[in-house]
Amino acid sequence: MRMKSGSTAYSKEGPWGLRGDLIITNAILWVAGAGRVGEPKPEVHLYLYDRYSRLAEHYDHRGNKKKALRLRAKAKAHYNRSGHTGPPFAAAMAMPRPRSPFFTWAVAKDRDSRGPNDAA
């Protein structure tokens, strides 16, 4: 059973795209972190949170609750490590008033017919 593509429960990338993203990202983090001490940037944790949560939604939709819970735990761990506290605050933005339209009458006036006949 497949949900509509506009639904948040079904990813457009599909499970293989999400798995591939996770494998590549974790491999890059492993190579980049070899012999180094440190933590990835918060954006990396938010990216991993997004991918793990989408994959958890996929497994939840397919009925594999145990795997979905395990993936949600990984997603939550990455969200907590990102330091993200929620959506940004909303702000009112002002835009300038649009300029009034202006029109140009771009029609040639009658010219003297005594001019040259060659147009080129």
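Below, each value reflects all heavy atoms present in this structure, side chains not excepted, and no hydrogens, waters or symmetry copies. What you see is a predicted model, and the numbers here were worked out from it, not measured in a lab.
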Student: For Ser82 versus His45, what's the shortest heavy-atom pair and its separation?
Tutor: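 Closest approach of Ser82 to His45: CB-CB, 3.7 Å.
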
Student: Pair Tyr79, His84 - check ring-ring contact (aromatic ring centres under 6.0 Å, His included), show working.
Tutor: CA-CA 7 Å; Tyr79 188 80; His84 195 261; 5.7 Å; yes

Student: Is there side-chain contact between Leu29 and Leu48, with at least one heavy-atom pair below 4.5 Å?
Tutor: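 Sidechains of Leu48 and Leu29: in contact.
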
Student: Of all the heavy-atom pairs spanning Ala75 and Ser53, show the shortest one and how long it is.
Tutor: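 Closest approach of Ala75 to Ser53, heavy atoms only: CB-N, 3.8 Å.
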
Student: Nearest 0.5 Å, what's the CZ-CG distance between Arg51 and Asn26?
Tutor: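 These two atoms lie 12.5 Å from each other.
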
Student: Heavy atoms only: give me the nearest Leu55-Leu18 pair and the separation to one decimal.
Tutor: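 So the two residues come closest at N-CD1, 3.8 Å.
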
Student: Would you say Tyr52 has more than 12 foreign heavy atoms packed within less than 6.0 Å of its OH?
Tutor: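 Correct, the count exceeds 12.
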
Student: What's the separation between atom OH in Tyr59 and atom NZ in Lys65, rounded to the nearest 0.5 Å?
Tutor: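 One finds 14.0 Å between OH of Tyr59 and NZ of Lys65.
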
Student: How far apart are the C-alpha atoms of Lys67 and Asp60, what are their side-chain angles, what is the distance that settles it, and do they pass the salt bridge (Lys or Arg N to Asp or Glu O under 4.0 Å) test?
Tutor: CA-CA 8 Å; Lys67 198 164 196 172; Asp60 195 26; over 6 Å; no

Student: Main chain of Leu22, side chain of Thr25: is a donor-acceptor contact present, judged purely on distance under 3.5 Å?
Tutor: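 No, because the side chain of Thr25 does not come within donor-acceptor range (under 3.5 Å) of the backbone of Leu22.
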
Student: Are Leu46 and His78 close enough that some pair of their side-chain heavy atoms sits under 4.5 Å apart?
Tutor: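 Leu46 does not reach His78 side chain to side chain.
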
Student: For the residue pair Leu71 and His58, establish whether any side-chain heavy-atom pair is separated by less than 4.5 Å.
Tutor: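 Leu71 vs His58: side chains apart.
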
